[in-house]
Every structure is written in C-alpha cells, then in structure tokens.
Amino acid sequence: MRKTLLVLALLAAVPAARADFPDRPITLIVPFSAGGPTDIVGRIAAAKAGEILGQQIVVENRTGASGTIGMTATARAKPDGYTVGLATVSTHGTAPHLFPKLAYDPVKDFTPISNLVTSPNILSVHPSYPAKDLAGFVEHVRAHPDQEGYANAGAGGVNDLGMIWFLQIIGGKMNSISYRGSAPALTDAVSGVVPVVFDNFPSSQAYVKSGHLRGLAITGAQRNPQLPDVPTFAEQGYKDYDVTAWYGVVGPAGLPAEVRDKLAQAFAQAVRDPATAAKLAETGAFALGNSPDEFGAQIQAERDRWGGVIAKAQIKLQ
Ligand code: GLU
C-alpha cells in the first residue's frame, strides 16, 4: 500500500515538475575556454534564452580534450534540462572518428535541442609573418616543411583537422600546436609565439580588424561582412576545401520532450531576436536556431561527413 502511494505520488510529481520547468537556473556547459567562439556565441544566446525562460542560464566552461570533457559531463548529467551543453562540430563531428576512447556516442548519448549558429573558419598569421597572402603562405610552407607550427583550439578538433586537410591539399607539413580552446591559441598567435592560427571566425575576427593578426583566407562560399577584405579559400583556388563550424545546444539522452521543446523554442527565439541576432552577426556568425529534429539530422550528417573526410585523407592524430 505504501509502495503504491509512493509510486502514485511520484507519477503525479513528474508532469508538475515539467510544467514548471524551469523553476531554477540552468547550467550551459561550454566545453572550451572563455573568450573562444563557443563561449562567445553561447553567452550571447544564453543571456537572451534565459530572459525568455524567466531563469538565468549560467555558462560553465569545462575545457580539455577538444571539448570532449565538457561533452562527457553533459552526456552524464541528469536528463532534467537543468544541465545542457554546447556541442560543436569538433565534439560531435570530428572527435568521434579520432578519439578511440571517447566516452560518448555523439548521437545515442544526447538529446539534440537546437543548433544556434554556424560560422566560417579563418586562417590568420602574425603581422611579422613573411607571407602576405594565401599564395605566399602556401609557397612559404612548402619551402619549410616541418619547421613551423599552427595554433589550434584542440587536437582532432575542427581547427586542427581543417589545417591538416589544407596542408594535405597543398603538400605542406607543419606541426599542430593545440590548446584548450581558441582563446589560448589566439594569445600565442597574437604574441607571435606561434605565428599561424586556424580558428573559428568569431574569436579571430576582432584581432584581424585591429591588425593584431593578418587574415589570409576564410572558409565558405562568401566573404564575411565583418572582414570584407579577407578573401575566401574558394576564390583563391581551393574550391573543394570547406570547413564550417557550428554550436548547438544538446542535453543528455532521454530528456523529456516537453523540456526539450521548451528549451529549443527559447534558444531559437533568442538567436532570432533582432538585438541578439545583431550581436551574433557582429561576431561573423550566422543565426540558425533550428528544431530538435533538424539538429539531430545535422549531427548525424556532420558525423558522417567528417568520417568521410578523415577516412579519405587518412587523417590520424599526431
Ligand atoms: N574550434 C572549436 C570548435 O568549433 C571551438 C573552440 C573554442 O570554442 O574555443 O569546436
């Protein structure tokens, strides 16, 4: 009898709790360092989504292993919607093919919520670097095999792989210097310690604007309005080379549909809000805010696409 009552009480409590969701602050795990692109776009979107939900969304940076530490924590969180994470092309697209001991499956262990934004990538160099443009860079790299390094946000992440792939195309060899995110990679690039950096656009663009870095090429079909003078890789002859970054909210597997949808609607509405969209546009990112189903399909497609790129180019971590 007591057991029955307890079960009934629990059953009654569950929908009530979901209807009230969220009744306390939500944690958004950003798996890269503060000041990096995931952090920048995550904080802009979280501020507005929190306003819409009537609860604060607290960003927690859990860095390391190309974002996979923060994503492992997200996958293992209680599936109640109070802990979600910001997945990226690195954590869900590239890492699964390169980290044999990865503690999660990018599809099975998560509930997709909404992909917030996409962004191009940019190759930049320190102003003192000998090459002035992409053609000069290619020539310089070919002439100095294994003698220089490029800074990137994490081994096996999209910036490391994007560069490995480009080096294969041009027949060049450089050393990968990986950090716990774009922010520390940029610190070393701007100071000239590692004068080449391949990065997601939102974190690099301010340094290129201010002249602390020289932008050589961006990925994607079009130039970015934030840096209209930096040409694309495609217009400089590398038509088949494209690397896009994205940042989307995921929860652990088994998130109740009502909670998932409430979060998805809030985040989608947030990135489409004119003031928030303008802030995102200032970073050079493109607001998306798609549905859980659309984002789920995208994660699978990105995982498969990068699996293909990695297998075809026979990319392995150094
Ligand atoms: N390059 C990483 C990615 O797109 C993000 C790095 C960072 O946020 O610092 O997955």
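Atoms within each ligand, like the ligands themselves, are counted from 1 in listed order. This one's a predicted model, so the numbers in the text were calculated from it and none came from an experiment.
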Using a distance-only test with no angle check, is there a side-chain donor-acceptor pair under 3.5 angstrom linking N115 and Y247?
-> no

Please determine if T88 has a nitrogen or oxygen closer than 3.5 Å to a nitrogen or oxygen of ligand 1.
-> yes

Please check if atom CD in E139 has more than 12 non-hydrogen atoms from other residues, nucleotides or ligands closer than 6.0 Å.
-> no

Can you name the residues that form a side-chain hydrogen bond (donor to acceptor under 3.5 Å, both in side chains) with Q147, not counting sequence neighbours?
-> none

Which of the atoms in ligand 1, numbered in the order shown and given with their element, are less than 4.0 Å from a heavy-atom of V158?
-> 1 (N), 3 (C), 4 (O)

Output the list of atoms in ligand 1 that are nearer than 4.0 Å to some heavy atom of G181, sorted by atom number.
-> 9 (O)

Protein heavy atom at shortest distance from atom 8 (O) of ligand 1 = T38 OG1, 2.5 Å

Verify whether one side chain among D23 and Q55 offers a donor that lies under 3.5 Å from an acceptor in the other.
-> no

In terms of residue, atom name and distance, what is the protein heavy atom nearest to atom 3 (C) of ligand 1?
-> S90 OG, 3.2 Å

Which residue supplies the protein heavy atom nearest to atom 9 (O) of ligand 1, what is that atom called, and how far is it?
-> S182 N, 2.7 Å

Hey, is NZ on K209 packed in by over 12 heavy atoms from elsewhere, all under 6.0 Å?
-> yes

In ligand 1, which numbered atoms sit nearer than 4.0 Å to a non-hydrogen atom of A153?
-> 1 (N), 6 (C)

Starting from atom 2 (C) of ligand 1, find the nearest protein heavy-atom neighbour and note its residue, name and distance.
-> N200 OD1, 3.4 Å

Above 12 or not: heavy atoms from other molecules or residues under 6.0 Å from CG of D146?
-> yes

Look at atom 1 (N) of ligand 1 and say which protein heavy atom is nearest, naming residue and atom and giving the distance to 0.1 Å.
-> N159 OD1, 2.6 Å

In terms of heavy-atom contacts, does NZ of K173 have more than 12 from other residues, nucleotides or ligands at under 6.0 Å?
-> no

Return yes when G157 approaches ligand 1 closer than 4.0 angstrom through a heavy atom, no otherwise.
-> no

